[in-house]
Amino acid sequence: MEQHGSRQQGRWRLWVLVGVLVLALAALAAACGGDDEAAPETAPAETEAPAETEAPAETEAPAETTEGDGAPIKLGILSDCEGAFGAFYEVDIGGAHMPMIARGATPAGANPTDGLENLPAPGGHPIEIVGYGCADDTPEKAIEETRRLIEQLGAEIMIGPLSGDEGIAVANYAKEHPEVTILNGTSGAQDTTLKVQAPNFFRFNSDGAQWNAGLGDYAYNVLGWRTAAAISDDYSFAYTSAAGFIAEFCAVGGQIPNENRIWPPLNETDYSSYAAQLAEIWDEVDGVFLGVGGAGAIPLLKAMEETIGPIDPQKVVGNLFYGDPVIVQELGDRAVGIASADSMWPDSTDPKATAWLETWDATWPDLAGFAGSVFAYNYNSAAEAMLQALEAVGGDLSDGHAAFREALAGVVLDAPFGQISLDANRQAIQDNFVRILTAEGPVTVWKIPQVAQDFGGTFTAETPPPDRTNPTCEPRELPWAGKAEVITAPEEVLGG
Amino acid sequence: MSVAEPVLAIKGLDAYYGRAHVLQRVELEVGSEPVAVIGRNGMGKTSLCKAIVGMSPPAVKGSIRFEGKELLGRASYRIAGAGIGYVPQGRRLFPSLTVDEHLRMIGSGNGSARWTIDAVYELFPRLAERKGNRGMQLSGGEQQMLAIGRALLTNPKLLVMDEPSEGLAPTIVEGMIETLAALVAEGMNLLLIEQNIGVATSVADRQLVMINGRIEAETTAAELVASEELQQQYLGVMRIER
Amino acid sequence: MIAGARGRSGLAIVFIGLLAASPLFVSDFFLSAILTKTLWLGIVAASLIFLSGYGNMISLAQTGLYGVAGFVLGNVVAADGGLKVAWDPWVGVILGLVVATVVGLVFGAVASRSEGIYFLMLTLAFGILLFYFWGQVTQLSGFGGINSIQAPGIVSKPRTDPDNLFYICLVVSVAVYALIRYIVRTPFGIALQGIRDEPTRMRALGYNVALHRTLAFGLGAFLAGISGILSVWWNTRIDPGSVGLGRTIDVLVIAIIGGIFWIEGGWLGAFVFTAIDTYSRNIDWLGPRFNTLIGVIFLVIVLVSPGGLIGIWESARGLARRRSGAGAGLPPGAPAERSG
Amino acid sequence: MAVAARTAESAEPILRLRGVGRRFGGLEAVRDVDLDVRPGERRAILGPNGAGKTTLFNVVAGEFPPTSGTIELFNHDVTFMPARMRVGLGLTRTYQTSRLFLGLSVEDNLYLALVGVEGGHLRPVRLPGRDGTLRSQAREIAERIRLQDQLGAPVRNLSHGEQRQLEVGMALAGEPRLMMLDEPAAGLSRAERVQLTEMLLGLEREITLILIEHDMDVALTVAEYVTMMHDGAVIVEGTPAEIRANQLVHDLYLGRGHYERR
C-alpha cells in the first residue's frame, strides 16, 4: 500500500527539525569550544539542553593556573560593527592590537578581528582576548555586548566602547560592576567621566569638547567669524563636541544663539530639511560648525551643496570627523579647505609619530592610512596604558584590581602625537590640534598644549551637561585663548 | 487509454481528519458515463473530491489513478494540469478580482479549445453582464456560475463538481443541467457530488450512495426517482405535510 | 488552546517547576542573561501573540508600548536622567503601567478601525513615533537614554544577585500566562475571538467591535508595559535603542519562532532567540554575521512550521498519535474541514 | 392559513420599507422597494441570482445604509442605525455564506450570539451563575438545530451542512422578534431540509420570519406570503399559490420545474 500526502510532509518536517537542532547544538558547541581552546580549565561547555547546563563561573577570581604560567588576564574589546560608525570596526580593533603587537604578538590574519597569537604575558599572566564586542552606537546594544564580554565570556578588563551614549551607559555599568576595569575605546561624551565618575572607568582620550579646543578661537580670530551656526547630531557625543566649539567661540566674543543650533537625529540619512534650515540663516551667519559625524557627514555636505550651492570652505569648520582619514577619503575634494580639530597630528615630523604611522601601515596593509584616525589612535592609547599598568604591577589583578587601577591612574603615556595623562576623574589631558584639509591631506596649523576636560572651569560636575541649549553663549576666561602654538601659519595653507 | 479502462479509478482510498476516518476503503470508477455521488451531509463526499484534486486531508492512503497515472501525493496544481477541473463547494473566489480577471487568469479569449472565455459568457450570460464586478460584489448564484466557468476554462477531461446547484435559482439550475448534459454528450467525463436528487438524477444515470465515508450502494436514476423508499433509506427524505 | 490544552498545561507545570529549581544548577550568567531575559522578553512577545492569535491584530507597537512603561519608570525613579525626581520605585511601576495602558488605549482607539496590513502599518507608525519621541524629547530621555534606574529593594542587585529578579520574572510570567488563559475564556475574551473570526457577524450580533478591539489593545499594552518594567529592572537603564525598529522586529521574530497561535510560544521563542543571540556571537567564523544566522534559523522554522516551534511540537504529537490510532489537535488558525 | 394572514394584515407592520434603493457605483442592486411585513408573518423573498435579495437583507440588517429611502423597524426609523444596535430591537439574521466563528466551538458560537443580545459584552470575569444560564440556553438552541452532539467541536471541523444549521441557530439566540434567513437550506441535505422546514414551521408566532430561499419546497411550505424580486425591484407579491400560478414567475425564476421530481 502506498502512503502519500501530509503524513510524509509531517515526517519531512520532523527531519528538518532534527537537522536544525543538530545544527544549533553544533553551533553552540563551536561557540563554547572557542572558549575552551584558550581556557582549558573552564567548566563543561553548554552543548546539552541549556536548562541543564552549568556555565563556567568565569567572573570568579582566576585561582587556577595553566602549565605553570600565571592565570590569564581576560580582555574583551568592544566597538561598533553596525550603525553610523560601523565602518571603523576593524580600525578600532587594529588600534587596540598595536601595543600587543609591539610586545611580540602576531596577527592571526589580515583583519584585526581574526585575532592575535603569542599575546604578551605581563608578570607571567598571558593576556587572553575573550572576544570582540559588536555594538551599533545604541547604548542598549553596547550594554548587551558589554555583558556578553564580561558576564558570559569572563573578561576582567574591557577596552571600549566607541560612541558617546554608549560610553555613558558603559561607565554606569562599570559603577555597578566594581570587579571589572574598563578603559574607554574612543567615546567622547563629557558626562562619561565628568559626571558619572566610575572609579573603574578610565579614559585615555579627549572628550568631544576637548577635541575642538582651538577651533572656536581659530574661527573668530583667523576666519573672522562673529556670528555662527552649529549643526550637530542629536546625542551626547555631538552635544559635547558642539559644546567645545560653542564655549570657546563665545568665550572669545562670538555669538551662537540657540536658534542657530540645529540637531538632526543620529543615523539620519536625508539631511535636506536641515540644510534648508541652514539655508534660511545662511546670509546672517559668518560660518557654520559641522558636528554631524560618521556616516552622516557626506550626506550632510551633499544636502548643503544642493540647498545652498557650492560651499565656501572658509565658512565651514568641522569637528574631528572632518579630518578623519576614513571620512576624508569619501568626502574627496568637497572637504578641501575646511578647518577641523582633534588630538591627532598625522603630519608631525616627530619620529614617534612617523614610526606609529609606518608601523600601522606595515601591520595592517588592508587598512593603510588609517593610523591618522582618532579611532585607531585612541584604542591604541587605551591598550598601551593598560599594558603599561599591567607591567608595572606584574599582571596582578588581585584585591579587586586595586594595584592595577592605581598604576593605571598614574600612567603618563609618551604617545606618538604628544603626552597623555589622567585627571582626578580618570579623564585624559592631551594636546589638541587645528588643521586644514588640503588636496594632499590635513596640514596642522595650531597646537593647543595639554587641554583639560573642564575648559578652565567652564564645565564641572555641577554645570548642566551639554545638550541642545547648553552651554549658553557668554564670554568666559579660557586658559588657551590666544595662546595657540602655531605649527604652520594658516594664511600659508589657505593662500596656497 | 483503452475504452475499457476508466478515466478515473479509485482503489482502497482511506482518509483521516485527526481522529475522524472520513473515507473508508472507497472504490470508485468513472468512465465515459457520468457518475453522481449522493448522500447526506458529513458523509465524506467533499473529502472524496478533495482527495481527488490533491487538496488532501492531513492523511490519505490508497490509490487514485487518472488515465492510468497515480494522483495521490501530487500537488493540486499538477493534478489540475493533468486535466481535472474542480468546482469546489462554496465557490472559493478571489474577492478583489473581477469576473473577467478570474477567467483571463485561466484561459484565453479564443483558440481552438472547446472552452474559451467567450464560450463561458455564452453559457452564463449573467456573467457577461457582470464582467467588471469583483468577486465579492457578485451574488451567491453569480459566484457559483463563475466557479463553474473557471473550471471549464481549463478544458478538463474530467470535471469534478461539488454541489454546483447550491444557491442557484431554479431557472439557472435548469440551464446548468442542460449544460452538463451537453458537456457529457460532447464526451466530458463527469463526477458530480449532489444532495439535490433532482439535479443528480437529471445529469447521471449511475448513482453512488455515500454513507459514513463508504460507498454503500449503487443504483440508477430511474430507480431512485421511482422509489420513495430508496430515497428515504439513502437520504432520509420524507414528505412534509402541511 | 482548543485541542491538547490539558497536555500542554501538564507540560507547562513541569517547565515551571524546572525553571523554579534552575538557580540550583545553572550559572548566574545563564540565569540572568538567558533565563531572566527570556521571561521578560517572553511577556512582550506573549502580548503580541495575545493580540494576533485572539484578536487578529498583529501589533508592531508592542515594543513601543513596553518602552512607554520603561521610560515613565525611568523618568520617575532615576535621580539623574529624565525628570530627575527620584520618586519611590513602586510609584514608577504603577505610573509606568498606567501610562502604557492609557497610551495603548489611545493608539487602540485609532487603530481599531483598520485591519490587516493597514493595522500593521499604523502600529508600526506608532512604534516609530514613540522611538523618535523618546529620542528627541531630551527633557525625558534623548538618544542616550536614562541610566542607573533604581529598582525596588525586592529586586536586590540583579547584576550580582540575579536570583530575586529571576523569581520575580518567573512569577510575573506565570501570572501573565494565567491571566491571558483566563481572559480568553471570559465573555470579553470569547467575543474577542469572535471578532477575530467574523467581525461582520459580531456587529450584527450587537457587539461594538471597535471598542472591543480598543480595550484588547489596551490590555496588550498593559502586558507589554509589565515586560517594560521588568526589562528596566534587568538592564537598570533604558534608551530609545531599546524600543527601536530592531527590537520591534526581534519581538515579531520571537513570536513567530515560538508560534503565533499559542501564548506559550512567546516564552519559547524568547528562549530560542536569546540563546541564539547570545551564543552565536561566540562562533568565530561567523564574526559579525550572527544576525544572518538568526535570519536563517527564522526562515527554516517558518518554512518547516508556520505554527512556529509549538506548531512543530503539535504536529509531531499529532503524527505520533495518529500512528497509535488517535487524532491530533489542530492549531486554531489551521484550516481543517470535514464535510461532504 | 388565510385567517392567520388576515389577522396579520390588520396589525401594524413591524418592518416598513419605503422607496429603498442601494447603489454600488454604477450598479443599482436594489431599487425603489416598498415592503410591509406584519408581526408573526412568514415571508419569502424569491428571485433569480443577482436580483438584489441579499443586498436588501443587508440594508435592513444595517450592514450598510440604503442610498435612498427609509426603513422603519418596530416603529423606529433605523435607516442609518448601526447594525449592532438593531439587535437590541429584536432583529437577527443569517448569512448566505456562513459567517461563523471558525476558531470557536459550537457552544461558544451560540454563547456569543446570546451574550450579544443579553449584554455584558466586555465582562472580563467569569460568573458561574450567569454564564451557566447562558450556556444552558446555548445548549438548548444546539438541540433545536440538532448539533447537541457537536457542542465542543471547533466550528471549522463541522461539515458544510452542519455549519449551515449553526447559521440558523445563531439567529435563534436571544428571543428574536424578527428573523431574517438568507438561504437557510443551501448546502443542506434533503433530510436536513425537512428538519429545517419543520423547525421553521414550529417557530412561535411571536417571531416574524423573512427568508430568501431557492428551494421551493422549503420556501413555499414555510411562507404565507411571497415577494418576488427581479433586477433589484419587487415585481410580484402574493400567496404561494398565486406565485406558483404566475407565468412571469415561471419565466423569470421557476422555469419548467422538470428537475424538481423526486
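Quick caveat, the model's predicted, so the values are computed rather than measured.
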Heavy-atom cut-off 4.5 Å, strictly under: side chain, backbone, both or neither for A:Phe237 against chain C? neither

Looking only at atom types and distance, does a side-chain atom of A:Glu156 sit under 3.5 Å from a main-chain N or O of A:Lys74, one as donor and one as acceptor? yes

Which bit of A:Asp467 is near chain C, if near means a heavy-atom gap under 4.5 Å: side chain, backbone, both or neither? neither

Among A:Asn172, A:Asp137, A:Asp233, A:Asp191, which residue has the highest count of heavy-atom pairs closer than 4.5 Å to chain C? A:Asn172

Would you mind checking if A:Arg147 and A:Glu144 are paired as a salt bridge, meaning a charged N to carboxylate O distance below 4.0 Å? no

Under 6.0 Å between ring centres, would you say that holds for C:Phe15 and C:Trp267? no

What option among C:Ser242, C:Gly142, C:Gly241, C:Pro240 has the most heavy-atom pairs under 4.5 Å with chain A? C:Ser242

Is a salt bridge present between A:Glu140 and C:Arg247, judged by a nitrogen-to-oxygen distance below 4.0 Å? yes

Please state whether the side chain, the backbone, both or neither of A:Tyr132 comes within less than 4.5 Å of a heavy atom of chain C. neither

Do side-chain atoms of A:Arg148 reach the backbone of A:Leu153 as a donor and acceptor pair under 3.5 angstrom? no

Greatest number of heavy atom pairs closer than 4.5 Å to chain C - which of A:Ser236, A:Ala169, A:Gly115, A:Pro465: A:Ala169

Under a 3.5 Å distance rule, please check whether A:Asn111 uses its side chain to pair with a backbone N or O of A:Thr113 as donor and acceptor. no

I need the residue from A:Arg468, A:Glu166, A:Lys195 with the largest number of non-hydrogen atom pairs under 4.5 Å to chain C. A:Arg468

